[in-house]
Each structure stands twice: as structure tokens, then as C-alpha cells.
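Notes follow once the structure below has been shown.
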Amino acid sequence: MSHISIHWFRKGLRLHDNPALMAALQGCVEIYPLFVLDPSEKLAGINSCRFLLGSLKDLDCSLQKLNSRLFQKWKVTRLTFESDTEPDSVDRDRRVEKLAKEHDVEVIQKVSHTLYDTERVIEKNNGKPPLTFNRLQTVLQAMGPPEKPVPSPSLEDMKSVQTTGWKKHEEEYGVPTFEELGKDPQSVGSELYPGGEQEALRRLDEHMKRTGWVCNFQKPETSPNALNPSTTVLSPYIRYGCLSARTFWWRLTDVYRGKKHSQPPVSLHGQLLWREFFYTASVGIPNFNRMKGNSVCVQVDWDSKPELLAAWREARTGFPFIDAIMTQLRQEGWIHHLARHAVACFLTRGDLWISWEEGQQVFEELLLDGDWALNAGNWQWLSASAFFHQYFRVYSPIAFGKKTDKHGEYIKKYLPILKKFPTEYIYEPWKAPRSIQERAGCIVGKDYPCPIVNHEVISKENIKRMKLAYSKRSPDPSESKGKVKGEKRKAVSVIDMLTKKKKAGPY
DNA sequence: CTTCAGGTTGGCCCT
DNA sequence: CAGGGCCAACCTGAA
């Protein structure tokens, strides 16, 4: 029992609740904590890039306290890492596992990115991912609460473990700088959400102290256009694994204990369950981040309109609420969930009739918390392509923001060109008389764009187009076969009975 | 097989 | 100004 282990960090950039890292330390004499900077990381947005580097520095710092460093290679007998469910990662890990076995390297994978093992959830739901939140809850309730987080490694755990000294560590294996990745530090705004486990745990502590707020938390009642985030903004930390979802879950359980508190789906526990919902769906539904070949996704004849897409992406739609949100997204890397609703509906079924896949790509670049499964799932939700189907419920780019920000303070913050507009016209500056535009120092059509669509007209047309898309949905081919051929249906029900055998028992 | 309730978070107009 | 009815009628999952 004298292993030389590599622990491969990918997501899960933390020491707490890291079962794969703990497995690496078991009976281990030497450990190489490793992070491989993917060249494709260069394509990520500048905010995400900074967050990742910050998280790596923090991790390196914590490892040094344990007399270790981020590292590479040598006479390795064991490789450990956290399971990852994204299709490309699954592919990569399968190849790595094969390679490792060829070299007699033991491979240990642990589930610690999600609350539950998504494969098991799908199994418990008869091989299909739950397609409604209620269904997911029913399945999870039968499985019991999520596993408790494992403790962080201590100096005690490290006492018989060493990392070979490496003189040129910093030059050869140190965490690179922003510039080394070809990014311009001048082009990024102030760092509102610094990466790293320490900051994640600090933020968690800070919010968990607000017991009343935590117990009363109801997501739909938080504000999309608050000047300071009305929610925790722990999502970037959970996305990179700086914070364990299970740690968050159990901390909430501690706060809730003995108190009256809100419930899923709107509670903070509920927010973690929504994450679980989309993770599970993404594992069980092939081609989850695309329309074509995606069995749950309505096939819509989205238009290709590069100039409108660019206007949306670059905050030039002429709708201040939309443009302010897109500005915050680009500058800060985070926007409120309901703000995402507003801009996503606007891009897709509401106004521009542009594919949700385009929006998905923009969010992936700009969001610090751009999580593959959640991004794909929520874009399908908001575009009424899957999970949500009431496509006639269209967010108004004018009225929606007014509910929580009557005076348009949020708009004035992110679109300072409009800051002198009177409240009356802040959501619809094109309606202001010329004299008022002049007094505000902002002429619509010159200093700020005219609206690129007529929302009242286009949203009604789009509802009709959605209706058409839904009516064209082809019935499931296996079902229609069943209807034509009685035999086929019998076969299906036999399989059904076998899979439900256990449940049928007590009857 | 059919039926039916419910679906995290809408908008608008009316009282 | 809070709350109800209407819009137009979708889907999933349970019974």
C-alpha cells in the first residue's frame, strides 16, 4: 500500500467535500495534484478566465499549506478525479481511463459535483430523466437526502504523503497569469466575484448568518434589477466546484432546523434541486445542447438574423431593460435569473425569433456560472422548447422590469447615457418628445438606438409561429408503431412490467 | 385507453 | 393597488 497518486482537478477546485482527493491520499506516499489548462480555455470570456485563474491560485495556496503543490507526472500507480457528466468530458475520461489501465494505473472516480449520482436518479425513474420538477422531487425523496460532504484533507492526512520537491515549480508548473493566456487585463472590469474556495466559503458563511433571509427565501420574489444582487451569487463557485453543492445543501439544512422555512421549488434548497434537475436531464437526453436530435426539444424554424443577434449581444436593442441586462452580463459576468428570463425570451420566442442555441453560446462566453447542463436546459425552458410550454406567456421588455424597479435605477446604472431621462420614459425612451430627449442629452436614434422591433406586434406574431411549431410536432415513432401493431405494444408493456417488478410486488 | 390537474417566477385590463 | 378574469390552450404525469 504505497501508492503514487495523481489527483486530477478539473471542476471541483476545492479541498472540502472532495472524496476523490481523499481517495488519492489513502495509502499514498506521494501525491501530484494536477490541473491541465485546456487550450480551449482561451476561448472563454475574460471574466471566466480571471475567475478560473483566481480559483487555481487559491487552490495552489491551500495545497502549499498542506506541503503540496499543483503538479504533474511520475511512476504513478493511481489516478483520481471527480466524475464529470458533460458529454465531451465523459468521452475524454473514458479515453484517459483506458490509457491509465494500459499502464497499470488504478483509476478512482467519485461523484461530488452534483447532490446525487445522476445515473442513479435516472435508474430510479425507470431509465428516464424526470421531465418535471415534481417528478424529480418524488424520485429524490425516495432516495433520501444527499450524501454528507466529506471532510477536507488535514495535515494529519498528509503526514505520510509527500510531493517530490521540484525546483522549477513556479516557472514550469505555476498557475499562469492573465497575460500569459493572451488576455488584456485592461479590458476587464473590477473583480466583483473573485474565484476560489476561500472566497466561496466566506460568501457561504456570510449568507448563512442571515437566518431569517435564508428561511424566507423565495426565488420569484427576488429582484432581477436590484443594484446589488438580491441572491447569493454562489453559482460561479458551484459551477467551478469551489463550493460543493452538498456542502451548501447541508449548511442550509442546519439553518432551517427547527424553523419555519420556504420550500422547493422556490427555496434555496429548491435552487440546488433545479441544478440537479437540469444535470439529470442533460445526462438522460442525448444532444441536450442542440435542437436537432434532441427528443424533448420542439423543432422551431428560428430565423438567422446576424444583425439582430449582434444588437442583442452588444446591448443595442433599443429596449433599455434588455440592454442594461446585457451590459451587466458583459461587464460583471453575472445577472439575476429573472434577468436571464427577460433577455432569453426576447432573443427567442418573444421578439427576435433567433435560436436559443445562439443565446446559449453568448451566455457560455460571458457568464461566470455558465454551466453546460444548466445553460442548455434553461435556454430550452425560456424559449418554450422543452420543460416549459406556455409559449403565450411572453415577457414584456418594458413592463417586466418596472415591477421591481419603477424608476429605472438599474437602467441608469448600466446605461448612463439614459440617466437624465425622466422616470416616465426610462423604459421607453423613444416615446419621449424631442424636447425631453434634448434636455436629457440623449437623442433616440443617435445617442441611443431606436427599438429594433415593435414588441406589441412581433410578440403576437411569434405566439402564432410557436403554435405552428407545436402543431408540427411529430408523434413519437415508437408510439405510432404500437398503435398500428398490437404485438409491439404488448412487448413494450412486458418490459414495463419487468422494470416495475419491485413496485408491483406489494400490490 | 381517456381524463384531468398542475406547471418556480406573464401581461393586461378591470374592479 | 391587490386581486380576479382573461388571453389561448401548451405539456407531463398521475389516476
Side-chain angles (χ1 to χ4, degrees), chain A residues 124-126 128-139 141-142 216-226 230-231 262-278 280-281 284-285 295-300 321 335-346 348-351 374 377-378 380-404 406 427-428 455-476 479-480 482-483 486 489-490 492-493 496 500 503 507:
Chain A
K124 296 276 177 195
N125 193 45
N126 303 319
K128 290 172 292 183
L131 295 177
T132 63
F133 188 84
N134 264 344
R135 185 67 209 144
L136 177 80
Q137 268 192 298
T138 307
V139 176
Q141 267 156 23
N216 289 324
F217 185 92
Q218 296 188 57
K219 187 64 172 278
E221 282 170 26
T222 58
S223 163
N225 42 13
S230 57
T231 51
S262 55
Q263 294 292 330
V266 297
S267 64
L268 282 166
H269 262 175
Q271 305 314 300
L272 288 169
L273 292 174
W274 278 110
R275 176 173 181 271
E276 211 68 12
F277 177 78
F278 288 120
T280 312
I285 299 162
S295 61
V296 300
C297 184
V298 180
Q299 305 295 303
V300 178
F321 183 54
I335 50 178
H336 186 277
H337 187 61
L338 292 178
R340 300 178 198 202
H341 279 215
V343 296
C345 183
F346 186 88
T348 58
R349 67 190 168 87
D351 296 85
L374 277 63
N378 278 304
Q380 287 173 80
W381 185 292
L382 262 302
S383 62
S385 298
F387 311 113
F388 173 83
H389 306 282
Q390 289 170 288
Y391 51 76
F392 42 85
R393 292 186 172 180
V394 175
Y395 288 83
S396 162
I398 297 138
F400 187 61
K402 287 184 183 172
K403 286 194 293 188
T404 42
K406 227 161 99 180
Y427 283 87
E428 305 167 274
H455 175 73
E456 283 77 45
V457 176
I458 204 97
S459 60
K460 289 191 176 76
E461 281 172 23
N462 288 349
I463 289 172
K464 285 181 196 147
R465 288 181 85 171
M466 281 307 285
K467 185 178 173 175
L468 192 67
Y470 267 87
S471 71
K472 280 185 183 162
R473 291 186 83 170
S474 51
D476 188 333
E479 261 176 44
S480 58
K483 273 172 197 164
R489 277 205 44 208
K490 249 183 199 168
V492 168
S493 58
D496 234 33
K500 286 177 180 168
K503 271 192 174 177
Y507 285 91

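Convention: sequence-line order gives letters A, B, ...; per-chain numbering from 1.
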Query raised in the report: Do any side-chain nitrogens or oxygens of Arg393(A) fall under 4.0 Å of OP1 or OP2 in dT9(B)?
Result: yes
**Report entry** OP1 or OP2 of dG11(B) under 4.0 Å from side-chain N/O of Lys403(A)
**Finding:** yes
Atom pair distance, as rounded to whole Å: [atom1] in [X] and [atom2] in [N]:
X         : N       : atom1 : atom2 : value
Tyr470(A) : dA9(C)  : OH    : C1'   : 11 Å
Leu131(A) : dC10(C) : CG    : C1'   : 15 Å
Leu268(A) : dT9(B)  : CG    : P     : 18 Å
Phe388(A) : dG6(B)  : CZ    : P     : 18 Å
His389(A) : dG6(B)  : NE2   : P     : 18 Å
Ile398(A) : dC12(B) : CD1   : P     : 8 Å
Lys460(A) : dC12(B) : NZ    : P     : 8 Å
Arg135(A) : dC11(C) : CZ    : C1'   : 16 Å

Requested in this report: Please determine which of Phe321(A), Trp381(A), Tyr395(A) meets the ring-ring contact (aromatic ring centres under 6.0 Å, His included) test together with His341(A).
Outcome: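 Exactly one candidate clears the test, Tyr395(A).
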Requested in this report: Classify the nucleic acid contact of Val394(A) as base, sugar-phosphate or nothing, counting any heavy atom under 4.0 Å across all strands shown.
Outcome: sugar-phosphate
**Report entry** Touch class at under 4.0 angstrom, heavy-atom based, for Phe400(A) against every strand present
**Finding:**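 Touches sugar-phosphate only.
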Query raised in the report: If you measure from the C1' atom in dA9(C) to the same atom in dA5(B), how many Å do you get, rounded?
Result: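 The same atom, C1', in both gives a distance of 14 Å.
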Query raised in the report: In whole Å, what separates the P atom of dA14(C) from that of dT8(B)?
Result: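 Between the two P atoms, the distance is 13 Å.
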Nucleotide paired to [N] in any strand shown, Watson-Crick or G-U, under 3.5 Å:
N      : result
dT9(B) : none
dA9(C) : none
dC1(C) : none

Report task. Only one of Val394(A), Asn225(A), Leu338(A) passes side chain to side chain contact (heavy atoms under 4.5 Å, CB included) with Phe400(A); say which it is. Result -> Leu338(A)
Query raised in the report: Given dC10(C), dT8(B), dT9(B), which nucleotide is nearest the side-chain atoms of Gln390(A)?
Result: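 Within the option list, the nearest is dC10(C).
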Query - Lys219(A), nearest nucleotide to its side chain (from dG11(B), dT8(B), dC10(C)) - result: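 Nearest to the side-chain atoms of Lys219(A), counting from C-beta on, is dT8(B).
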Requested in this report: Show your reasoning for whether side-chain contact (heavy atoms from CB on, under 4.5 Å) applies to Ser262(A) and Asn216(A).
Outcome: CA-CA 6 Å; Ser262(A) 55; Asn216(A) 289 324; over 6 Å; no
Report task. Decide if the gap between the ring center of Phe278(A) and the ring center of Phe387(A) is smaller than 6.0 angstrom. Result ->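 Yes, they do, as the ring centres are separated by less than 6.0 Å.
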Query raised in the report: Do we see Phe392(A) stacking on the base of dC7(C), given a limit of 5.5 Å between centres and 30° between planes?
Result: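 No; by the centre-distance and plane-angle rule, Phe392(A) does not count as stacking on dC7(C).
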Requested in this report: Measure across Ser383(A) and Met466(A) and return the closest heavy-atom pair with its distance rounded to 0.1 Å.
Outcome: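 Smallest heavy-atom distance, with atoms named: O-CE, 3.6 Å.
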